[in-house]
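Everything below concerns the one structure shown next.
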Amino acid sequence: MSRVVQTLESLPWAAPFVRLSRGEDPKAQFNAILRAVGVPLLAFAIFIGIWGAAASRIETSLGTLPGPSQVMEQAGNLWQEHQAERAKADAFYERQTTRNEERLANNPDAVVKWRDYNGRPTFVDQILTSLTTVFTGFFLAVLIAVPIGIVCGLSPTMYAAVNPLIQIFKPVSPLAWLPLVTMVVSAVYVSNDPMFAKSFVTSAITVTLCCMWPTLVNTIVGVSSLEKDLINVSEVLRLSWMTKVRKVVLPFAIPMIFTGMRLSLGVGWMVLIAAEMLAQNPGLGKFVWDEFQNGSSNSLGRIMVAVFTIGIIGFILDRLMLSIQRAVSWDKSADIR
Amino acid sequence: MSIHLDIDHVSIEFDTPKGKFKALDSVNLKIAKGEFVSLIGHSGCGKSTVLNIVAGLLKATQGGIVLDGKEVDEPGPERAVVFQNHSLLPWLTSYQNVELAVKQVFKGKKSKAEMKEWIEHNLKLVHMEHAMHKKPSEISGGMKQRVGIARALAMQPTVLLMDEPFGALDALTRSHLQDSLMEIQNTLHNTVIMITHDVDEAVLLSDRIVMMTNGPSATVGEILHVDLPRPRERLALADDPHYNHLRAEVLRFLHERHAKKDTPTRSGSEVKKASVSETKVSAENHPTEQKDQTASRVAA
Ligand SMILES: Nc1ncnc2c1ncn2[C@@H]1O[C@H](COP(=O)(O)OP(=O)(O)OP(=O)(O)O)[C@@H](O)[C@H]1O
Ligand SMILES: [Mg+2]
């Protein structure tokens with residue numbers, strides 16, 4: 001219990017409530033609550049108000065720009081569609097099971113077929129696809145960037161060799177990479193029974209190409225700031241190169257590497273939507289594109305739902321990386337935010 | 001005296017933006033097994049450079065280091081170093097820090113249980129058994145330094161090198177650690193080279209005090225034999241006329257013969273302060289001296 005209270009107290013918005021419940025100076029606590037919870041809520045309310053007022057005045061070819069209430073309505077619709085689709089799928093599988101069982105009961109040797117349900121991907125499916133794609137691209141990026149970063153951080157020569165490439169490729173937009181990646185994937189990734197869809201591979205690789213730079217740069221900076229004293233220690237101990245990297249360099253640079261990874265995941269998520277739009281990977285990007293092409297009166301509302309979803313997921317991913325970053329940092333005095 | 005460690009006419013030149021800088025000129029010093037040698041000299045004269053050359057962390061431009069008849073020019077655990085600011089790995093506990101060294105040095109020579117025992121033994125030597133499983137950030141500066149010494153001792157070095165091991169500590173902690181070190185030295189009889197700025201510390205701990213001339217092109221100035229009987233007792237020595245004579249010798253060297261004429265500020269004031277200070281470590285005196293040292297280190 002006291003553990004929970006402690007954790008709560010370390011959260012800026014929850015701390016005043018905890019203190020208030022303990023009866024500590026109520027006036028100060030109310031002020032703190034107002035600042036931590038009231039101000040953001042007020043700001044959000046103002047935003048909703050401005051949005052609602054402005055939206056009703058903007059006429060597009062697809063009707064009035066949707067306000068907050070229409071967007072909420074569309075969010076509800078998307079959720080219902082998802083549940084309806086799930087119900088259909090369940091029903092399909094149930095029918096299939098009973099059918100096959102009956103057949104087996106009549107004739108134990110009968111060859112029964114099990115088919116997957118081929119429904120339309122729902123909004124939730126698309127979110128999951130996007131997450132899978134972004135994490136695939138992100139892990140690929142980390143897998144490439146961290147080893148290269150360590151080598152470059154330790155060797156000034158390697159750094160001199162790689163640095164120009166980093167500087168050149170870092171600012172390239174996903175939209176520029178995508179056509180190249182698409183062509184290369186089409187040429188190289190040929191198989192009759194591909195494990196992954198081409199659109200998935202293309203999007204993931206584009207994410208990798210765009211999001212590896214922060215991790216790479218931060219790894220290099222982290223490794224090259226290794227203290228001279230610690231280098232001396234590993235030299236006196238005659239640690240082999242691998243042991244030195246494993247026991248000294250990597251732990252030292254871990255906080256910086258995770259800072260880079262957090263930035264990378266942010267970039268990756270942003271880039272993914274554009275990549276999916278062009279590559280037609282069935283994720284949120286394709287959802288936005290399809291709704292745009294579709295052009296029904298609900299489309300703009302649905303796109304806005306997607307915008308909020310993208311934003312909220314991005315926020316959650318960032319918080320997730322932040323807590324990992326805090327957990328792995330050995331420098332507990334550092335203020336990571 | 002059989003020569004154990006031979007610092008043989010070592011000179012070093014650094015490449016600086018302003019051209020070559022000759023820090024050491026033909027430093028020559030022969031050390032016997034089990035001898036405790038202190039290096040003392042003004043800040044920036046090249047003490048750390050000598051130590052780093054012996055450790056193999058720097059390469060001499062001329063001359064070299066011969067240990068037990070073999071030339072050494074690479075770092076190695078048989079010349080363990082206690083660094084000035086402990087340099088423990090901050091993400092490892094005291095135990096793990098020592099373990100890293102022990103695993104490396106005794107790989108294949110000691111069993112797991114033996115290693116554990118050896119690690120704990122060394123931490124006990126420096127009186128750190130109570131905080132074995134704490135990280136450096138959770139222990140005090142003096143404790144960190146103790147762990148640093150335990151790590152170096154655990155490598156079972158032929159020569160123990162210490163670069164101002166107690167320089168960053170307060171006077172009381174410093175005298176505790178000096179006592180610990182003397183106690184350890186009474187049982188292990190390691191060969192030790194220690195850099196210090198503290199005249200009392202040098203006289204109390206050493207068999208010989210090597211006084212270096214000022215840089216550039218620093219070299220061995222005078223060597224003072226400290227023939228006080230062991231074990232030494234700091235309080236008893238305070239009134240010992242011979243001890244005080246030895247102290248005065250070191251002070252005279254530092255102050256009169258080789259004080260920096262161009263910058264009398266730090267070196268002069270420090271030495272004056274040291275000479276008026278009592279042999280007993282006086283608490284109100286040392287903190288200021290420490291500040292001086294840090295300031296000069298930053299400047300150097
Ligand atoms: N890597 C280097 N490159 C250039 N000059 C150096 C280098 N290392 C040391 N020096 C110079 O060599 C001289 C001796 O330095 P050193 O660190 O050995 O002094 P020190 O006696 O240990 O001083 P302190 O008592 O302040 O620790 C100084 O003038 C310093 O500026
Ligand atoms: Mg020094």
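Naming: A, B, ... by sequence-line order, numbering from 1 per chain.
The backbone N or O of L169(B) sits nowhere less than 3.5 Å from a side-chain atom of T173(B) that would complete a donor-acceptor pair.
The number of heavy atoms from other shown groups lying within 6.0 Å of NZ (K103(B)) does not exceed 12.
The aromatic rings of H121(B) and W118(B) lie parallel to each other, with less than 30° between the two planes, well short of the 60° mark.
When each of L57(B), L89(B), N52(B) is scored by its heavy-atom pairs under 4.5 Å with chain A, the top score falls to L57(B). Interface remark: of the candidates L92(B), V105(B), N85(B), N85(B) forms the most heavy-atom pairs closer than 4.5 Å to chain A.
Side-chain contact, N163(A) with Q167(A): a donor N or O sits under 3.5 Å from an acceptor N or O.
The parts of A101(B) that come within reach of chain A are both its backbone and its side chain, each placing non-hydrogen atoms under 4.5 angstrom from that chain. With a 4.5 angstrom heavy-atom cutoff, L239(A) touches chain B via backbone and side-chain atoms both. Using a 4.5 Å cut-off between heavy atoms, R79(B) contacts chain A through its backbone alone, with no side-chain atom that close.
In this structure, K110(B) is positioned above the aromatic face of F106(B), its NZ or CZ under 6.0 Å from the six-membered ring centre and within 45° of the axis.
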